[in-house]
> 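Provided herewith is a single structure, encoded as structure tokens, for subsequent inquiry.
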Amino acid sequence: MSLLVYNVLKREKMPFEPLYEGRVNMYVCGPTVYDDAHLGHAKNYVSFDIINRYLRFLGYDVLYVQNITDVGHLLDTGEDRILRKARQAASTPMQIVETFTRSYFEDMDALKVLRPDISPRASAHIPEQIQMIETLIQKGYAYEVDGNVYFSVQSYPEFGKLSNRRVEEQEAGTREAVRSDKRHPADFALWKKADPEHILRWPSPWGEGFPGWHIECSAMARKYLGDTFDIHGGGIDNIFPHNECEIAQSEACNDAEFARYWLLVGSLMVPDEFGNPVKMSKSLGNFYTIKDALALYRPEVIRAFIASGHYSNPITFSTQALEDAQTGWKRMYTAVHFLRERMRFAPESDEGNSILETVRQTRQQFLDAMNDDFNTPNALAALYALTREVNDMLYSNTTIGRNVLVAINDAYTELGGNILGVVPEQTVNCNPEREADLIRFLVQMRRDARKARNFQLADQIRDELAKRGVTIIDPTNEESFWYV
RNA sequence: GGCGAUGUGACCGAGUGGCUAGGUAGCGGUCUGCAAAACCGCUUACACCGGUUCGAAUCCGGUCGUCGCCUCCA
């Protein structure tokens with residue numbers, strides 16, 4: 001069975017066929033780095049991480065580009081988001097950007113999100129953006145008014161094709177603050193003139209200013225992925241106007257199709273005071289930062305929670321939902337751990353290999369699910385079904401050969417680990433404090449044994465510790481010291 | 001108002017015509033020195049009203065509810 005994906009642009013599920021055989025070029029809209037990322041961001045980027053991992057699993061040579069937006073997002077007050085934060089923190093914009101870019105990568109690394117191949121920053125691609133704007137002006141798709149440059153939506157008849165909106169049908173001018181220098185209310189800025197107090201500014205053919213919000217993605221996608229590429233991803237909440245503007249700019253500028261498949265992720269919701277789900281967002285204040293969540297839950301648990309719903313659907317968050325996901329995940333995690341421990345002393349044989357049929361079915365079900373538009377809930381269900389059988393086996397008194405255990409572990413490691421990222425490579429969790437405490441406990445046991453004149457046990461403890469690099473010395477008969 | 005979605009059992013959440021999704025919670029059981037875990041079984045479903053069909057949670061029409069976007073947002 002081949003991979004099917006739901007293409008928002010065509011509004012149908014269709015076979016995935018990359019432009020160049022064996023290669024996938026993918027662009028995903030990245031974060032605006034002005035604050036710590038929250039779980040809504042986690043849903044988005046973990047979802048695309050799983051997509052990225054699965055495409056690689058299928059053997060595609062994936063080039064994954066995800067931008068860092070560090071200029072040009074305006075609040076409705078007309079202020080630049082990053083500037084406002086900078087003013088609050090009494091620091092310069094680039095310090096803010098640097099701080100939260102690092103924070104973002106910290107969070108993503110902690111969540112086991114594989115880094116994109118390229119993480120281009122908008123501020124580092126001003127010339128590319130200017131060049132693109134110049135082309136658009138030359139071709140008659142854009143016009144300059146007093147240092148501002150706007151894209152003319154009427155010059156591009158297909159504007160709105162992704163979100164199925166018609167410019168004429170939109171309530172024109174509902175915003176009273178429509179800038180009077182626009183020819184059409186729906187026209188959007190490619191370049192904005194910088195006010196004197198605006199710190200983030202660059203020289204351009206139209207004077208000092210900064211790029212509009214949408215042009216960065218078009219410019220950077222073109223630079224790294226070409227005029228036409230395979231997958232464009234992002235959050236569904238950015239379908240309009242952002243994604244729509246990207247398409248218009250890029251296709252008008254390049255005379256080529258922009259992205260061939262559009263995959264958009266559903267929002268993370270939080271119940272409001274009436275119990276109705278609403279989007280987790282900065283502005284509503286109903287968010288949990290990734291850092292806060294990671295202080296309480298393992299990254300695999302957060303990933304399992306996210307994977308429990310389909311990427312394109314919204315998912316309702318609550319601490320209870322996360323707890324429930326954790327309980328279920330733990331059953332699988334523990335089974336894998338027991339499996340790995342059992343491998344340490346299992347006989348070299350194929351005993352108990354009847355379960356391998358279940359393993360085969362699990363793989364099949366898992367891959368069928370993933371091939372069906374990355375259906376992670378069904379993929380997880382396959383692993384849970386396997387876990388039931390594995391536990392049944394592990395808790396029974398039958399002998400299981402090492403080869404069988406290895407085969408099961410391989411399935412978990414590949415499907416649950418490499419693809420979904422919910423099964424860690426290492427299920428033994430080290431903790432220096434705990435290790436020291438265990439040694440103290442053994443030393444105490446040995447002292448009790450000596451008191452009871454059970455020298456056989458006492459010596460055994462000393463020898464076993466010594467084998468592991470722990471030395472015991474007995475300065476007195478009352479107390480013992482140890483060191484590693 | 002326009003556009004796009006959606007309404008599944010106590011909760012989260014898959015599922016597009018007939019075959020138990022899964023997870024959590026609850027109840028009962030097996031196992032067990034205790035505890036825990038694990039496994040087995042079970043209960044509460046497809047918003048409402050009509051229609052198509054041998055048969056619909058699944059298709060069609062209508063009603064009601066909810067959400068997203070239309071302004072910054074992943």
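Lettering follows sequence order; numbering is per chain, from 1.
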> Ignoring hydrogens and angles, answer whether the base of B:C3 and the side-chain atoms of A:Arg166 contain a donor-acceptor pair closer than 3.5 Å.
no
> What nucleic acid atoms does A:Leu394 come within less than 4.0 Å of, heavy atoms only: base, sugar-phosphate, or nothing?
nothing
> Describe the nucleic acid contact of A:Gly30 in one word from base, sugar-phosphate, nothing, applying a heavy-atom distance below 4.0 Å.
sugar-phosphate
> Does A:Asn164 put a side-chain nitrogen or oxygen below 4.0 Å from OP1 or OP2 of B:G4?
yes
> Let me confirm one number: the CE-CG distance from A:Met370 to A:Leu4, rounded to the nearest 0.5 Å.
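The distance works out to 13.0 Å.
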> Less than 4.0 angstrom from a charged side-chain N to a carboxylate O is my criterion; do A:Glu300 and A:Arg298 meet it?
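The answer is yes: the pair qualifies as a salt bridge.
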> Can you check the A:Asn276 CG to B:G68 P distance for me, whole Å?
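My rounded result for the distance is 9 Å.
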> Mind calculating the distance between NZ (A:Lys43) and P (B:G68) to the nearest angstrom?
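One finds 14 Å between P of B:G68 and NZ of A:Lys43, rounded.
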> Over how many whole Å does the gap from A:Leu284 atom CG to B:U71 atom C1' extend?
13 Å
> Assign A:Met280 to base, sugar-phosphate, or nothing according to its heavy-atom contacts below 4.0 angstrom with the strands shown.
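It contacts base atoms.
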> Which sits closer to the 5' end of RNA chain B, A:Val265 or A:Tyr384, going by the nucleotide each is nearest to?
A:Tyr384
> Quick one: the dot-bracket string of RNA chain B, using Watson-Crick and G-U wobble pairs with both distances under 3.5 Å, [ ] for crossing pairs and | for bases paired to another strand.
(((((((..(((.....[...))).(((((.......)))))....(((((..]....))))))))))))....
> A:Thr32 side chain N/O closer than 4.0 Å to the phosphate oxygens (OP1, OP2) of B:A74?
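Looking at the OP1 and OP2 atoms of B:A74, one of them is under 4.0 Å from a side-chain N or O of A:Thr32.
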> Starting from P on B:A25, measure out to CG on A:Asp324 and report it in whole angstrom.
7 Å
> Contact class for A:His310 (heavy atom, under 4.0 Å): base, sugar-phosphate, or nothing?
sugar-phosphate
> Examine B:G22: is either OP1 or OP2 under 4.0 Å from a nitrogen or oxygen in the side chain of A:Arg388? Give yes or no.
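For B:G22, neither OP1 nor OP2 has a side-chain N or O of A:Arg388 closer than 4.0 Å.
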> Could you tell me whether the side chain of A:Asn7 and the main chain of A:Lys13 form a donor-acceptor pair under 3.5 Å?
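No, because the side chain of A:Asn7 does not come within donor-acceptor range (under 3.5 Å) of the backbone of A:Lys13.
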> Atom CZ of A:Arg303 and atom C1' of B:C12: how far apart are they, to the nearest Å?
19 Å
> How long is the line joining NZ of A:Lys279 and P of B:G4, in whole Å?
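Checked: the NZ to P distance equals 19 Å.
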> Any side-chain heavy atom of A:His232 within less than 4.5 Å of one from A:Val28?
no
> Looking at every strand, decide which applies to A:Val278 at a 4.0 Å heavy-atom threshold: base, sugar-phosphate, or nothing.
sugar-phosphate
> If you look at every strand shown and take non-hydrogen atoms under 4.0 Å, does A:Tyr45 touch a base, only sugar-phosphate, or nothing?
sugar-phosphate
> Applying a 4.0 Å non-hydrogen cut-off, can you work out what A:Gly40 is touching in the nucleic acid: base, sugar-phosphate, or nothing?
base
> Determine the Euclidean distance between corresponding C1' atoms of B:G28 and B:C64; express it in Å to zero decimal places.
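Their C1' atoms lie roughly 40 Å apart.
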